[in-house]
**Student:** 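I have a structure here, written as structure tokens, and I will follow up with some questions on it.
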Amino acid sequence: MTDHILVAVAWPYANGPLHLGHIAGAYLPADIFARYNRIIGNKVLMVSGSDSHGTPITIRADAENTTPEKIFSRYHKDFQESWKGLNISWDLFTTTDTENHHEISQRFFTNFFNNDLLYEATASLPYSIKEKRYLPDRYIVGTCPNCDSENARGDQCEDCGRTLDPQDLINPRSITDGSVPEFRERTHFMFRLSKFENDLKEWLKDKEFWRPNVLNQTNGLLEQGLKDRAITRDLSWGIKVPVDGWEDRRIYVWFEAVIGYLSASIEWAKEIAKEPDKWKDWWNKDSKSYYFIGKDNIPFHTIIWPAMLMGYDEDLPLPHNVPSNEFLNLESGQFSTSRNWAVWVTDYLSRYDADPLRYVLSATMPETSDSEFTWRDFVRRNNNELVGTYGNLVHRTLTFLQNNFDGVVPDVEIQESSNKLIEESNKALITSGEYLSSCDFRASLRTAMDLCQKGNKFLDEREPWKAIKEDKNHAAETMFTMLTVISALKILFYPFLPESSQNLHGYLGETGLVESNGWELNTPVSGNKLPKPKPLFKKLDEEKVILDETQRMNKGN
RNA sequence: GGCAACGUAGCUCAGUGGUUAGAGCGGGCGCUUCAUAAGCGCUAGGUCGUAGGUUCAAAUCCUAUCGUUGCCA
């Protein structure tokens with residue numbers, strides 16, 4: 001049966017380039033999941049885009065004396081390059097700065113406005129007399145009332161981590177000109193989030209298959225009770241509030257960014273599929289939507305976005321699963337764009353291949369707790385696991401076939417002991433597929449690696465390099481079995497290592513794309529002559545890589 | 001301060017009530033040579049953050065506490 005699967009992935013904030021933490025957290029698992037679903041025959045729509053609004057971007061633009069458009073397009077370009085290099089298989093990666101997205105976001109706003117889901121409320125907000133405008137929270141700095149740090153921001157103190165209001169700050173001042181803001185009463189629109197509490201609780205009842213952190217955190221928030229949220233801000237960069245007299249306000253980013261999942265699907269239908277209604281195939285109750293995000297984003301996808309969907313149109317499907325990941329750390333520290341403690345994707349790709357990174361990040365994916373990327377681990381996994389265990393198994397098999405059988409798949413009768421290994425290969429495909437369906441990516445990858453070890457063991461036991469001298473049929477039968485195992489590995493590793501699998505597909509004498517083969521074991525065809533293979537992966541010099549990369553990081557690139 | 005997740009071998013991580021707690025890497029020993037000196041086998045190493053409790057039985061459940069992380073105030 002064909003399912004429609006929406007793979008919705010967090011919208012990266014376009015105020016800095018992508019680093020490995022972003023990839024391990026959301027983009028790689030989403031891509032693995034999308035590739036798996038396509039190869040088993042499901043209809044996948046995978047969308048996201050650059051989040052182009054919000055104050056970090058305007059702050060950066062101010063600091064660099066440029067425009068928000070220039071900032072976000074710079075990083076949008078970096079994102080596009082990263083996706084291409086890493087083989088992230090988007091159907092559409094757009095931005096929130098499209099006419100389409102503005103229009104659909106305003107449609108949500110107007111719909112809520114008309115259905116009494118919005119109301120006006122006043123709050124005391126910082127106003128700059130000098131600039132004659134209200135300032136965003138982040139534009140105010142001052143002394144933290146909690147820890148006395150002198151550079152606390154209006155939304156949060158970086159030193160003690162406490163969340164703040166600009167009014168809490170002692171000696172508040174504007175970051176643009178140092179002037180002291182005046183606090184004035186200002187009216188804004190609020191979204192009646194509290195109204196959806198019971199419906200959300202009801203919806204969550206059958207979600208026991210969600211990851212514990214995601215489910216329990218969501219339930220915890222619902223137990224505490226939901227609060228209505230301000231939906232408009234005093235900004236000039238963003239989506240206009242579609243109400244007369246509100247021309248100088250913008251819709252708050254938290255509200256419009258999540259709408260991107262829907263607006264991007266609509267854009268895809270219009271611009272890419274050229275069938276304007278096609279998006280509906282993924283936005284009805286028979287489809288399933290998966291939201292790949294990092295743990296900092298959980299409430300937006302398990303409470304706010306579902307509430308918005310309920311409020312907007314009850315026929316729209318709520319998230320089926322939100323397999324949020326925890327965080328990836330780098331060499332015992334947190335990834336930090338501002339402190340430049342990161343491995344940037346495009347920079348990585350200028351020195352190394354995509355598949356080793358995809359492998360290492362998959363093997364240490366932070367599915368249940370924060371995990372860690374170290375260069376030593378990267379090189380070791382590349383050399384021992386990819387090159388040594390998987391790559392070498394493939395290479396020793398294929399070169400043996402070239403050297404002793406002229407590269408021709410032998411014609412043999414399969415023996416009992418071989419059947420056992422072939423059965424294992426089939427079992428691996430089933431088990432691994434189940435893991436992928438339930439978003440257990442590490443476990444799926446482990447299943448593939450286990451089969452490699454079984455293959456290596458089989459070769460060692462059969463010793464075809466000895467058999468070839470006395471009993472060529474025996475060696476031939478071993479090789480035929482090994483070719484079968486390798487073709488299973490090609491499929492098992494495909495969602496994780498698409499490039500290597502495609503190469504292996506070719507070395508096994510197949511033409512066309514590996515994903516057209518389906519998630520099943522293909523028996524080699526006797527008599528086929530296979531091309532001369534090349535190693536699937538490159539071995540790296542452990543000490544050299546560590547030295548290089550450590551220097552690079554300490555220099556801050 | 002509230003909510004939530006996590007804390008298990010040198011390292012990275014599995015393991016949610018039941019025999020002597022597991023894997024991969026790293027260490028030690030041995031075998032093998034088809035292969036990118038890759039592969040296979042054996043072995044050492046842990047009072048499962050701490051303290052109580054429930055149970056015939058707990059890494060696994062409960063309570064407290066410490067630590068890390070995220071969200072919220």
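Nothing here was measured: the structure is a model prediction, and the numbers come from that model.
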**Student:** Of the nucleotides B:rU32, B:rA35, B:rU69, which has the atom closest to the A:Lys466 side chain?
**Tutor:** B:rU32

**Student:** Are any of A:Lys457's side-chain N or O atoms less than 4.0 Å away from OP1 or OP2 of B:rG41?
**Tutor:**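 Yes, because at least one side-chain N or O of A:Lys457 sits under 4.0 Å from OP1 or OP2 of B:rG41.
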
**Student:** Which side-chain N or O atoms in residues 10-25 of chain A pair as donor and acceptor under 3.5 Å with protein atoms at least two apart or in another chain?
**Tutor:**
from: A:Tyr13; atom 1: OH; to: A:His53; atom 2: O; distance (Å): 2.5
from: A:Tyr13; atom 1: OH; to: A:Gly54; atom 2: O; distance (Å): 3.4
from: A:His19; atom 1: ND1; to: A:Gly21; atom 2: N; distance (Å): 3.0
from: A:His22; atom 1: ND1; to: A:His19; atom 2: N; distance (Å): 3.0

**Student:** For B:rG17 and B:rU55, measure between their C1' atoms and round to the nearest Å.
**Tutor:**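 To the nearest whole Å, 9 Å.
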
**Student:** Stacking here means centres under 5.5 Å and planes under 30°; does A:Phe400 stack on B:rC34?
**Tutor:** no

**Student:** Would A:Lys490 count as a cation-pi partner of A:Tyr507, with NZ or CZ less than 6.0 Å from the six-membered ring centre and within 45° of the ring normal?
**Tutor:** no

**Student:** Look up atom NZ in A:Lys205 and atom CG in A:Asn219, then write down how far apart they are to the nearest 0.5 Å.
**Tutor:** 11.0 Å

**Student:** Using OP1 and OP2 only, check whether a side-chain N or O of A:Arg381 sits under 4.0 Å from B:rG24.
**Tutor:**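 Checking A:Arg381 against B:rG24: no side-chain N or O falls below 4.0 Å of OP1 or OP2.
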
**Student:** May I ask you to say what A:Gln334 touches in the nucleic acid, namely base, sugar-phosphate or nothing, with a heavy-atom cut-off under 4.0 Å?
**Tutor:** sugar-phosphate

**Student:** Heavy-atom distance under 4.5 Å between the side chains of A:Phe33 and A:Phe441, does that happen here?
**Tutor:** yes

**Student:** Across the strands shown, which category fits A:Ile468 at heavy-atom distances under 4.0 angstrom: base, sugar-phosphate, nothing?
**Tutor:**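 Here A:Ile468 touches no strand at all.
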
**Student:** Check the phosphate of B:rG26 against A:Asn384, side-chain N and O only, distance under 4.0 Å to OP1 or OP2. Yes or no?
**Tutor:**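 Answer yes for this pair, as a side-chain N or O of A:Asn384 is under 4.0 Å from OP1 or OP2.
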
**Student:** Work out how far the P atom of B:rA59 is from that of B:rG53, and round it to whole angstrom.
**Tutor:** 15 Å

**Student:** Nearest to the side chain of A:Asn456 - B:rC40, B:rU33, B:rG70?
**Tutor:**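 Selected nucleotide: B:rC40.
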
**Student:** At under 4.0 Å between heavy atoms, what does A:Thr397 touch on the DNA or RNA strands: base, sugar-phosphate, or nothing?
**Tutor:**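 Since no nucleic acid heavy atom lies under 4.0 Å of A:Thr397, the category is nothing.
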
**Student:** Relative to the ring of A:Tyr390, is the ring of A:Phe537 parallel (under 30°), tilted (30 to 60°) or perpendicular (over 60°)?
**Tutor:** tilted

**Student:** If you restrict it to nitrogen or oxygen atoms, what contacts under 3.5 Å exist between nucleotides 58-65 of chain B and the protein, and what is each distance?
**Tutor:**
none

**Student:** Between C1' on B:rU32 and CZ on A:Arg396, what's the gap in Å once rounded to a whole number?
**Tutor:**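 About 9 Å, once rounded to whole Å.
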
**Student:** Rounded off to whole Å, could you give me the OH-to-P distance for the A:Tyr359 and B:rC25 pair?
**Tutor:** 9 Å

**Student:** Expressed as a whole number of angstroms, how long is the span from A:Asn404:CG to B:rU33:C1'?
**Tutor:**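 After rounding, the reported distance stands at 14 Å.
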
**Student:** Does the protein touch nucleotides 3-10 of chain B at the base, only the backbone, or not at all? Give it as B, S and - per nucleotide, heavy atoms under 4.0 Å.
**Tutor:** SSSS----

**Student:** Can A:Tyr27 and A:Phe292 be said to form a ring pair (Phe, Tyr, Trp, His ring centres under 6.0 Å), step by step?
**Tutor:** CA-CA 7 Å; A:Tyr27 304 100; A:Phe292 290 87; 9.8 Å; no

**Student:** Which part of the nucleic acid, if any, lies within reach of A:Arg442 when heavy atoms closer than 4.0 Å are counted: base, sugar-phosphate only, or nothing?
**Tutor:**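 Sugar-phosphate, no base atom in range.
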
**Student:** Considering every strand and a 4.0 Å limit on heavy-atom distances, what is the contact class for A:Glu463: base, sugar-phosphate, or nothing?
**Tutor:**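 Result for A:Glu463 = nothing.
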
**Student:** What integer distance in Å separates A:Arg446:CZ from B:rU12:C1'?
**Tutor:** 12 Å

**Student:** How are the rings of A:Trp375 and A:Tyr352 set to each other: parallel, tilted or perpendicular (split at 30° and 60°)?
**Tutor:** tilted

**Student:** Using a cut-off of 4.0 Å on non-hydrogen atoms, how would the nucleic acid contact of A:Pro464 be classed: base, sugar-phosphate, or nothing?
**Tutor:**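 If one applies the 4.0 Å heavy-atom cut-off, A:Pro464 turns out to touch nothing in the nucleic acid.
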
**Student:** Which nucleotide in the list B:rG39, B:rC71, B:rC13 gets nearest to the side chain of A:Thr389?
**Tutor:** B:rG39

**Student:** Step by step, work out the ring pair (Phe, Tyr, Trp, His ring centres under 6.0 Å) result for A:Phe189 and A:Phe112.
**Tutor:** CA-CA 11 Å; A:Phe189 277 109; A:Phe112 288 0; over 10 Å; no

**Student:** Taking B:rA58 as the reference, what is the distance to B:rC42 when you measure between their C1' atoms (whole Å, please)?
**Tutor:**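 Here B:rC42 and B:rA58 have their C1' atoms 32 Å from each other.
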
**Student:** Suppose you measure atom P in B:rC48 against the same atom in B:rA5; what distance do you get, rounded to whole Å?
**Tutor:** 22 Å

**Student:** For nucleotides B:rA44 and B:rG28, find the distance between their P atoms and express it as a whole number of Å.
**Tutor:**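 Going atom to atom, P in each nucleotide, I get 16 Å.
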
**Student:** Which is true for A:Ser371 with a 4.0 Å heavy-atom rule: it touches a base, it touches only sugar-phosphate, or it touches nothing?
**Tutor:** sugar-phosphate

**Student:** Side chains of A:Pro166 and A:Phe183: does their closest heavy-atom pair fall under 4.5 Å?
**Tutor:** yes

**Student:** State whether A:Phe327 and A:Lys295 meet the cation-pi test: NZ (Lys) or CZ (Arg) under 6.0 Å from the six-membered ring centroid, and within 45° of the perpendicular axis.
**Tutor:**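 Yes.
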
